[in-house]
Amino acid sequence: MLDIKFIRENQEAIRDASRRKKVPCDLDRLVEVDARRRQIQVELDRLRHEQKEGGAQLALYRNPKSPWRRRAAEEGVSEQEIAAETERLQARLNEIKAGTKALEEEDRQVQADFQQLMLTVPQTPAADVPDGEDETDNRELRRVGEVPKLDFPLLDHVELGAKLGIVDIERGVRLAGTRNYMLRGAGTLLHQAVLRFAFDLMIQRGFEPVTVPVMVKEEVMQGTGYFPLGRDQAYLCERDELSLVGTAEVPLTALHTEEILDETDLPKRYVALSPCFRREAGAAGKDTYGLYRIHLFDKVEQVIICRNDEAVSLEHHQEILAHAEAVMQALELPYRVVNVCTGDLGQGQVQKFDIETWMPSRGAYCETHSASRFHEFQARRLNMRYRDASRKIHFCHTLNNTVIASPRVLIPILELYQQPDGSIVVPKVLRPYMGDMERIGPR
RNA sequence: GGAGAGGUGUCCGAGCGGCUGAAGGAGCUGGUUUCGAAAACCAGUGUGCGGGUAACCGUACCGGGGGUUCGAAUCCCCCCCUCUCCGCCA
């Protein structure tokens, strides 16, 4: 959500963002509703003011012991005159009541429309976000690590996994349908090892580990910007009015909802390991092979909540990106960093850097991480603020990034660490998490 | 799931239907005092929205939503949440 004042004064920028991000937003309607909203408030305030004063006066008229009555008596105002005046005032107040009631009714509708429309306004992208339609227009910033030259016929992760008995897609699908899987034996250990390694690295880097709820209320989904636009991507537990989160970004970012923090407590650095649930609606037929696009995975996510300062935000953006890169470098996986283009940006994102890791079976660098900054967008929706040294209140800025998501990252690990004999060498940094296992061989 | 208690400002805690944005305390900030500190004393100390260049003014908010009333933190209805006891259970 953006500041309505900012929206009013920067309509062209919003229109531009809406077009370039391909986020539909009826700005004309919003501006119209906003004008009416303010009109109503001025009128309502006026009516309520008159009501308050009139009501107080009426109390004085009606109370025989009031100072006003005493004064009136001294000045020789007759009982009849007071009674007449009381009646006149009562009539006026009844009139006001009717007027207020009608206006309040309209106000309710207008406020609802206003809120609805406000939720659709896109954040304006940063100046250095490249223009573009979709992910093919993302701009590569750098490549890190060498793609190893393996001079034997490569197997993909599905074949490797099946041969080694560590990835069981067939049975996963049998139990839960398409885009489901089972990890088994060393596959499960590898999965856990990757997550735990990443988690520990973040703790070392000063992030507070948090265990989060993965079923959250409507407001939380809306507050983080996933609803209403992304509603069909989420699994809903309608009976309990809860949604399964697609990432721990949601509960972590919303952690201080409705709070006013102290500036001295910022930035907040949080890390959580959670399951992530994604319906992948609209992705039918896309990436159906293997462990790439699946309904359930585990992810270590990092979130920073910081001061409302563009420069500070930028700095943290680089910081969270660096943490993720450190993980990839420790795993010795070749990756590249891309500056995500406007068409591929989410509604609330100011800018997003993806890390794409080389996946031999796909013959491409593919997204494994996504680092976003939002400025106030999420904080406004969540009403998450802080007080600065001069007691002024501001909305926080928020940022988040993947630390590691598995099993997707198992794709490059399995495929790049495979040996001619079909076994997998365990990346060095993961061995302590796997009972010093150095190699995954056939059972 | 059954029974009871309760939800008020940063916290604790009052609150006959109008004079209560809300007593009183604590905390915090500033000042006085002190060589300095503590203590004591004095003053200030919620958020949103609207209007105004501004000082400021208006209005809303006492878990949420309706209702009664000229007027509701205070009365009525519905919902939510927390706590205690009992039952069940990873």
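Numbered from 1 within each chain, the chains take letters A, B, ... in sequence-line order.
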Atom-pair distance (NE2 on A:H49; C1' on B:G51), nearest Å: 13 Å
Whole angstroms only, please: what is the CG-C1' distance between A:L261 and B:U10? 13 Å
Tell which nucleotide pairs with B:G30, taking only Watson-Crick or G-U wobble pairs whose two distances are both under 3.5 angstrom. B:C42
G-U wobble or Watson-Crick pairing nucleotide for B:U53 (cut-off 3.5 Å, both distances): none
With a 4.0 Å cut-off on heavy atoms, is A:I393 in touch with a base, just the backbone sugar-phosphate, or nothing at all? sugar-phosphate
Select base, sugar-phosphate, or nothing to describe what A:Q51 touches, counting heavy atoms under 4.0 Å on all strands. sugar-phosphate
Taking only side-chain N and O atoms of A:K52, does any of them lie within less than 4.0 angstrom of OP1 or OP2 on B:G18? no
Under a 3.5 Å cut-off for both contacts, is B:A37 paired Watson-Crick or G-U wobble with anything, and if yes, with which nucleotide? none
Closest contact, heavy atoms only, A:A248 versus A:A272: CB-CB, 3.9 Å
Classify A:R385 by what it touches in the nucleic acid, base, sugar-phosphate, or nothing, heavy-atom distance under 4.0 Å. sugar-phosphate
Could you give the CG-to-C1' distance, from A:L103 to B:A60, as a whole number of Å? 15 Å
If we call it a pair only when both distances are under 3.5 Å in a Watson-Crick or G-U wobble match, what pairs with B:C85? B:G2
For atom CG of A:D262 and atom P of B:U29, their distance in whole Å: 11 Å
C1' atom, B:A3 versus B:C61: distance in rounded Å? 34 Å
Could A:R307 and A:Y386 be counted as a cation-pi pair, given that NZ or CZ must be under 6.0 Å from the ring centre and within 45° of the axis? no
Measure from the side-chain N and O atoms of A:R387 to the backbone N and O of A:E263, and report whether any donor-acceptor pair falls under 3.5 Å. no
Want to settle it: does A:A59 or A:Q90 sit nearer the 5' end of RNA chain B, counting the closest nucleotide to each? A:A59
Distance check, P atoms only: B:U10 and B:G1, in whole angstrom units. 33 Å
Counting only side-chain nitrogens and oxygens, does A:R387 get under 4.0 Å of the OP1 or OP2 atom of B:U47? yes
Look at the rings of A:H397 and A:H375 and say which category their plane angle falls in: under 30° parallel, 30 to 60° tilted, over 60° perpendicular. parallel
With a 3.5 Å limit on both atom pairs, tell me what B:U74 is paired to, counting Watson-Crick and G-U wobble, or say none. none
d(CD1, A:I40; P, B:U59) in whole Å: 18 Å
How many whole angstroms separate atom CZ of A:R38 from atom P of B:U59? 20 Å
Heavy atoms, side chains only, cut-off 4.5 Å: are A:H323 and A:M202 in contact? yes
